[in-house]
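A quick write-up on the structure given underneath.
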Amino acid sequence: MSTLLIALATAAPVSAGWALHVLWLRRRLQTARRDPLTGLRTREGFTRRATALLRDERAVVVLADVDHFKQINDRYGHAAGDALLKATAQRLAHYVGTDGVAGRLGGDEFAAVVIDRSGTAADLLAVLHSLLARPVEGQAPDVRTTVSLGWVRAADHPGEDLSRLLGRADEAMYAAKQARAGIRRAGLGRLFATVAGRRSGRRGARTDVPPVGMAA
């Protein structure tokens with residue numbers, strides 16, 4: 001056997017081992033970017049994909065917050081609360097599809113970025129709002145709640161990054177929750193006093209985001 005063949009034979013197991021190691025690392029990274037309860041992307045994984053989608057001027061940023069979630073946990077137990085979060089995540093992921101991205105930002109707060117190709121985001125979000133309010137399959141009929149949605153078109157605020165747009169969507173969502181309106185779109189004018197685009201106490205709050213507003 002030639003020296004070259006011996007060298008190749010020796011290197012083959014090493015190369016195969018390294019390839020398996022790289023594959024293992026990739027799978028670990030993908031797992032780290034997925035929420036273990038819902039399977040949605042975590043904040044980090046969501047941010048990476050959402051930032052890329054925002055290059056499209058048709059992008060719409062959505063923030064969703066489950067209403068009265070603590071009451072579900074207190075009355076029916078954490079297993080029922082987990083089932084509600086899973087159902088919410090699955091329905092949101094189905095709405096977003098493969099062209100967009102959905103993530104769990106923490107607790108009962110979710111976010112999504114979709115490409116509104118037909119200009120019908122308002123109508124589709126109204127359908128999503130109804131879908132999210134359905135009872136959870138396999139649970140008691142009362143294990144259900146509404147979800148408040150806030151959304152904003154990236155094209156309405158050119159040059160703003162994901163953090164700022166999420167702040168606007170968060171403002172609109174809070175306005176919808178306070179008014180029990182279900183859905184609210186961020187527009188022009190002031191909604192509530194904020195800490196840099198995120199309501200005081202919300203993670204990600206900064207101090208350099210202008211006031212935001214709403215449109216019905």
Side-chain angles (χ1 to χ4, degrees), residues 23-54 59-115 124-125 127-152 162-163 165-167 169-174 176-177 182-184 198-199 201-205:
L23 180 61
W24 177 80
L25 287 175
R26 286 177 177 172
R27 287 178 176 173
R28 286 292 300 273
L29 183 59
Q30 290 173 352
T31 300
R33 291 176 178 166
R34 293 284 177 177
D35 175 55
L37 176 65
T38 65
L40 293 184
R41 295 179 189 237
T42 59
R43 182 180 293 269
E44 178 187 358
F46 169 78
T47 298
R48 289 170 63 92
R49 175 62 177 151
T51 299
L53 288 172
L54 286 178
V60 169
V61 178
V62 182
L63 197 134
D65 193 89
V66 179
D67 299 324
H68 314 299
F69 180 67
K70 186 177 183 301
Q71 295 179 17
I72 295 292
N73 273 339
D74 292 345
R75 183 173 182 181
Y76 300 101
H78 288 281
D82 287 350
L84 177 61
L85 291 178
K86 289 179 183 178
T88 300
Q90 291 170 357
R91 294 164 183 175
L92 182 61
H94 180 74
Y95 164 80
V96 168
T98 57
D99 292 338
V101 63
R104 184 186 181 196
L105 301 187
D108 57 349
E109 184 180 52
F110 300 86
V113 175
V114 295
I115 305 301
L124 293 176
L125 284 169
V127 173
L128 174 65
H129 182 260
S130 298
L131 177 65
L132 293 175
R134 292 180 180 176
V136 177
E137 186 176 352
Q139 298 291 318
D142 290 340
V143 181
R144 59 189 294 179
T145 184
T146 54
V147 175
S148 295
L149 300 175
W151 64 284
V152 59
L162 177 64
S163 178
L165 292 170
L166 278 174
D170 181 60
E171 289 282 326
M173 181 280 296
Y174 187 65
K177 190 179 290 285
I183 311 172
R184 197 59 68 88
R198 298 281 281 173
R199 283 178 287 112
R202 306 280 283 195
R203 285 186 296 177

_Between Leu132 and Leu149, is there a side-chain heavy-atom distance shorter than 4.5 Å?_
yes
*asked:* Within this structure, what is the CG-CG distance for the pair Leu165 and Asp170, rounded to the nearest 0.5 Å?
replied: 12.5 Å
*Can you name the residues that form a side-chain hydrogen bond (donor to acceptor under 3.5 Å, both in side chains) with Thr88, not counting sequence neighbours?*
none
*Starting from the C-alpha separation in whole Å, work towards a yes-or-no answer on side-chain contact (heavy atoms from CB on, under 4.5 Å) for Val60 and Val113.*
CA-CA 6 Å; Val60 169; Val113 175; over 6 Å; no
*asked:* I'd like to check Leu40 versus Phe46 (side-chain heavy atoms, cut-off strictly below 4.5 Å). Are they in contact?
replied: no
*Kindly compute the distance separating CG (Leu131) from CG (Leu124), expressed to the nearest 0.5 Å.*
12.0 Å
*Return each pair, listed once, that meets salt bridge (Lys or Arg N to Asp or Glu O under 4.0 Å) where at least one residue sits in residues 87-98; pairs must be two or more places apart or across chains.*
none
*What closest approach, in Å, do Leu54 and Ala59 show between heavy atoms, and which atom pair accounts for it?*
CD2-CB, 3.8 Å
*Looking only at heavy atoms, which two atoms of Val143 and Ala80 are closest? And how far apart?*
CG1-O, 3.9 Å
*Is any side-chain heavy atom of Phe110 closer than 4.5 Å to a side-chain heavy atom of Val62?*
no
*Going by heavy atoms in the side chains, are Thr145 and Phe69 under 4.5 Å from each other?*
no
*Got a sec, which pairs hit salt bridge (Lys or Arg N to Asp or Glu O under 4.0 Å) with one end in residues 70-86, sequence neighbours left out?*
Lys70-Asp74
*Do the side chain of His129 and the main chain of Ser148 share a donor and acceptor less than 3.5 angstrom apart?*
no
*Only counting residues at least two apart or in another chain, list the ones meeting salt bridge (charged side-chain N to carboxylate O under 4.0 Å, His left out) with Asp108.*
none
*Between Lys177 and Asp65, is any pair of side-chain heavy atoms under 4.5 Å apart?*
yes
*Looking only at non-hydrogen atoms, find the nearest pair between Pro135 and Pro141 and report the distance.*
CB-O, 3.9 Å
_Results of side-chain hydrogen bond (donor to acceptor under 3.5 Å, both in side chains) for Thr146 - residues two or more places apart only_ = Asp67
*What pair of heavy atoms forms the shortest contact from Leu84 to Ile72, and how long is it?*
CD2-CG1, 4.1 Å
*Hey, does Val101 have a side-chain heavy atom less than 4.5 Å from the side chain of Arg41?*
yes
*Name all pairs fulfilling the side-chain hydrogen bond (donor to acceptor under 3.5 Å, both in side chains) condition that reach into residues 98-107, sequence neighbours left out, sorted by first residue then second.*
Asp35-Arg104
*Using a 4.5 Å cut-off on heavy atoms from C-beta on, say whether the side chain of Asp142 contacts that of Tyr76.*
yes
*Where is the tightest heavy-atom contact between Ala111 and Leu105, given as atom of each residue plus distance?*
CB-CD1, 3.8 Å
*List the steps and the verdict of side-chain contact (heavy atoms from CB on, under 4.5 Å) for Val147 and Leu128.*
CA-CA 10 Å; Val147 175; Leu128 174 65; over 6 Å; no
*Residues Glu109, Leu63; criterion side-chain contact (heavy atoms from CB on, under 4.5 Å); working and verdict*: CA-CA 7 Å; Glu109 184 180 52; Leu63 197 134; 3.5 Å; yes
_Non-hydrogen atoms of Ala112 and Leu92 that approach each other most closely_ = CB-CD1, 4.3 Å
